[in-house]
Amino acid sequence: MLRDMFKKTYTRLDSKYRSDRSADGQEEPNIPEGLWRKCNKCGRPIYTEDVIENFYVCPKCKGYFRVHAYRRFEMIADTDSFEEWDKEMDFVNPLDFAGYEKKFQAVKEKTNLNEAIVTGKVLIEGEAAVMGVCDSRFFMSSMGYNVGEKITRAVERATEERLPVILYCCSGGARMQEGLVSLMQMAKTSAALKRHQDAGLLYVTVLTDPTTGGVTASFAMLGDLILAEPGALIGFAGPRVIEQTIGQKLPEGFQRAEFLLEHGFVDCIVERKEQKAFLAKILRMHRASTKAQGIRNLFESEMAKAAELQMQEENPKESKQGEESKESKRDGGKKTAWDTVLLSRKASRPPASSYIQALFTDFIECHGDRLYRDDGAIVGGIALFHGCPVTVIAQEKGKNTKDNIKCNFGMPSPEGYRKALRLMKQAEKFNRPVICLVDTPGAFCGMEAEERGQGEAIARNLFEMSSLKVPVLTLVIGEGGSGGALALAVSNEVWMMENAVYSILSPEGFASILWKDSKKAAEAARVMKMTSRDLLEMGLIEKVIAEPEPVEMKNLPEIAKEIENSVQEFLEKYGRMSEAEVVEHRYRRFRRM
């Protein structure tokens, strides 16, 4: 009842505020202290309890309020699971900066914090992790000696206890009062994180508003996964500094989380209310043991095969008829090579994203190459296959014209290949098999792609993939165009859909170059031996996945079952190999070609 009364009062205040705003220059409503507050984004009065229940997000404009460190722990950590580390640390004043200690003590009293970061051990939906949270109330969460020391100690202890680290970043940059000592914390924290990475452990950063300066140039941008809150300001030099230095007015949205996602520096933007579940999902996927799961899958698969063999022995006639039927479906009617080319390009064929949805669960898409941009032609991330964590990387054409344009019709730019390689190296760190889906007419050949090093990006993928210590499988689901396809196909095995093609270039291009006549594309397709059957006979691929009829969305679930069984066998086979054997197998595969 009392809440309803407050709500009515709030409605009146909000209505009055809006009418006052429309009458320029009039006084704003008087908002009662504590019960209400004014949103610092939209300026409207909001009921405090509503803000708290909404994870400190304005219910009107969806603007994000900055969250105190201990409240952040309340949001993310399981109840009573937070064990704080290094709560008390002695004050340091390396420059004997006048007035620094007095100001420090005042901030300490006001915030009830000892420093600008709180660290400790938590459980997140039962998953253990080390977590640190920056608090902007304390010197704008600037990084002084104690901040760097607390982070370094937390990371070192996490490495010793083999725990993942999650850091909620927020900072105005280096702490001026500590001079070069503050700058050295950038190197110190980065060095500790390198050791943590070398130990094969997970590091996740969550960038909140604002994350700038030396923090951005050190621990904030070194995560295996970099998440951000919507609208967060993220950048090395703040907007004011840039505008004052170069006298240039910055565009709206510059250095915001969405800007960084588009430019390849952030994996995901995650709303605050979803962060606990999202982080728990990441932790679970990285805790899962790929090799142990592979053994379980192997056991289950062997049991299933034994049961199937027994059924065949009991019903030999039925089994033989089934195989004949399957073979007739495979062969179908006679198709020319050009027919297959046309089928591989058919708009109704499912794009890679549909295969991902059909074959995997819990897919978390990761964006960006951490260098320049996020390329929509390459979709990649972490997923589960029968409970086993895998890295999935795919060339995406899109489902409609709007998607086609966004994905550049499946023609990756250099940043797409660099994103793919980043995810492969991450997979290697966490011992995840890599599964690639190829569907591209070729790498993008525009001027900007050349400026950003298209050839180097493809070459780097071939170079690095050759020695990845985890199994790599590639499935060509449509077009496999030249080096643009090969950049995702330096694999232990390459499979093709029955009506897919894989070639040195398009038949039209082949005919134009060799015969000066692109109209001879059909003849070119025949002599190029680019169909799945041709390539299987030549020993250039390992498997053809049957298409009972040309694959479309309606029959994808049926086809996905065959792919699923084959992928399981692949993971079992290579899961029994050592890292050295996996690498050697891949080398020998290409060495004999």
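Worth saying up front: this structure is predicted, and the values here are computed from it rather than measured.
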Other residues, nucleotides and ligands only: do more than 12 of their heavy atoms fall within 6.0 Å of CD on E258? yes
Which value, rounded to the nearest 0.5 Å, describes the distance between L488 atom CG and L475 atom CG? 12.0 Å
Side-chain donor or acceptor of R586 paired with backbone N/O of L468 under 3.5 Å: yes
Could you check if a side-chain atom of K188 sits within less than 4.5 angstrom of a side-chain atom of E149, using non-hydrogen atoms only? yes
In Å and rounded to the nearest 0.5 Å, what is the OG1 to CZ distance from T211 to F219? 8.5 Å
For R418 against L371, the heavy-atom pair lying closest together: CD-CD1, 3.8 Å
Let's go through R576 and E572 carefully: what are the C-alpha distance in whole Å and the side-chain angles of both, what is the deciding distance for side chain to side chain contact (heavy atoms under 4.5 Å, CB included) to 0.1 Å, and is it a yes or a no? CA-CA 7 Å; R576 292 192 290 266; E572 290 165 0; 4.3 Å; yes
Could you tell me whether the side chain of D374 and the main chain of H263 form a donor-acceptor pair under 3.5 Å? no
side-chain hydrogen bond (donor to acceptor under 3.5 Å, both in side chains), that's the test. Do T474 and S491 meet it? Break it down for me. CA-CA 6 Å; T474 295; S491 310; 2.5 Å; yes
Looking only at non-hydrogen atoms, find the nearest pair between D439 and I477 and report the distance. CB-CG1, 3.6 Å
L123 side, atom CG; E125 side, atom CD - distance, nearest 0.5 Å: 11.0 Å
Could you go through the side chain to side chain contact (heavy atoms under 4.5 Å, CB included) check for C134 and M143 one step at a time? CA-CA 10 Å; C134 297; M143 185 161 62; over 6 Å; no
Looking at W85, I'd like to know if the NZ or CZ of R157 sits under 6.0 Å from its six-membered ring centre while staying within 45 degrees of the ring's axis. yes
Enclosure of K108 NZ (heavy-atom neighbours >12, cutoff 6.0 Å): yes
Applying salt bridge (charged side-chain N to carboxylate O under 4.0 Å, His left out), which residue pairs with at least one partner in residues 202-215 are found, sequence neighbours left out? R66-D209, D209-R256
Salt bridge (charged side-chain N to carboxylate O under 4.0 Å, His left out) assessment of K276 paired with D78: CA-CA 9 Å; K276 180 174 182 175; D78 295 347; 3.2 Å; yes
Go through D369 and D375 one step at a time and tell me if the side chain to side chain contact (heavy atoms under 4.5 Å, CB included) criterion holds. CA-CA 8 Å; D369 62 349; D375 183 4; over 6 Å; no
Tell me whether R272 contacts the main-chain N or O of Y56 through its side chain, where contact means a donor paired with an acceptor under 3.5 Å. yes
Does the pair R175 and Q185 meet the rule for a side-chain hydrogen bond (donor to acceptor under 3.5 Å, both in side chains), with working shown? CA-CA 10 Å; R175 191 168 297 176; Q185 306 314 304; over 6 Å; no
State the NZ-CD distance between K62 and E271, to the nearest 0.5 angstrom. 9.0 Å
Going by heavy atoms in the side chains, are V582 and K469 under 4.5 Å from each other? no
For G484 and Q395 the tightest heavy-atom approach is O-NE2, 2.8 Å
Within a strict 4.5 Å, meaning less than it, do heavy atoms of the V567 and I435 side chains meet? yes
Which atom pair, heavy atoms only, marks the closest approach of G235 to T216? O-OG1, 3.3 Å
Quick check on E160: does its CD atom have over 12 non-hydrogen neighbours (other residues, nucleotides or ligands) under 6.0 Å away? no
Heavy atoms, side chains only, cut-off 4.5 Å: are P239 and Q255 in contact? yes
Classify the ring geometry between F570 and Y574 as parallel (under 30°), tilted (30 to 60°) or perpendicular (over 60°). tilted
Using the rule given for side chain to side chain contact (heavy atoms under 4.5 Å, CB included), can you reason through V57 versus F65, listing the C-alpha separation, both sets of side-chain angles and the distance that settles it, and then say yes or no? CA-CA 6 Å; V57 178; F65 291 97; 5.9 Å; no
Output yes when a side-chain donor or acceptor of S218 lies under 3.5 Å from a complementary backbone atom of T189, and no otherwise. no
Between E448 and R452, does any side-chain N to carboxylate O distance fall below 4.0 Å? no
Verify, without hydrogens or angle tests, whether H196 (side chain) and L163 (backbone) share a donor-acceptor contact under 3.5 angstrom. yes
Using modelled atom types and a 3.5 Å cut-off, is there a donor and acceptor pairing between side-chain atoms of Q454 and backbone atoms of F444? yes
Flag the pair V434 / V470 as yes when at least one side-chain heavy-atom distance between them is below 4.5 Å, and no otherwise. yes
Quick one: are S182 and S142 in side-chain contact, heavy atoms under 4.5 Å? no
Quick check on the 6.0 Å ring-centre criterion: do Y100 and F91 meet it? yes
Between A129 and L283, the two heavy atoms sitting closest are CB-CD1, 4.2 Å
Does atom CG of D198 have more than 12 heavy-atom neighbours, drawn from other residues, nucleotides or ligands, at distances under 6.0 Å? yes
Flag if over 12 foreign heavy atoms under 6.0 Å of NZ, K425: yes
Please check if the side chain of D224 supplies one atom and the backbone of Y203 the other of a donor-acceptor pair under 3.5 Å. yes
For the salt bridge (charged side-chain N to carboxylate O under 4.0 Å, His left out) test, which of R153, K121, K150 pairs with D86? R153
To the nearest 0.5 Å, what is the distance between CZ (F259) and CD (E252)? 13.0 Å
To the nearest 0.5 Å, what is the distance between CG on D135 and CZ on R71? 9.5 Å
For the pair N114 (side chain) and M89 (backbone), establish whether a donor and an acceptor sit closer than 3.5 Å, ignoring hydrogens and angles. yes
Is any side-chain heavy atom of E84 closer than 4.5 Å to a side-chain heavy atom of T119? no
Between K41 (side chain) and C61 (backbone), is there a donor-acceptor pair under 3.5 Å? no
Any I382 side-chain heavy atom under 4.5 Å of F363 side chain: no
Y168: which residues meet the side-chain contact (heavy atoms from CB on, under 4.5 Å) condition with it, sequence neighbours left out? R72, I76, M131, V133, I166, V206, T208, Q275, L279
Correct closest heavy-atom pair for L207 and A232 would be O-CB, 3.9 Å
Answer yes or no: is there a donor N or O on one side and an acceptor on the other, between the side chain of N492 and the main chain of V472, under 3.5 Å? yes
Residue F278 excluded, over 12 heavy atoms near CZ under 6.0 Å: yes
Are F265 and H367 near enough that their ring centres are under 6.0 Å apart? no
Are E415 and R373 close enough for a salt bridge, meaning some N to O gap below 4.0 Å? yes
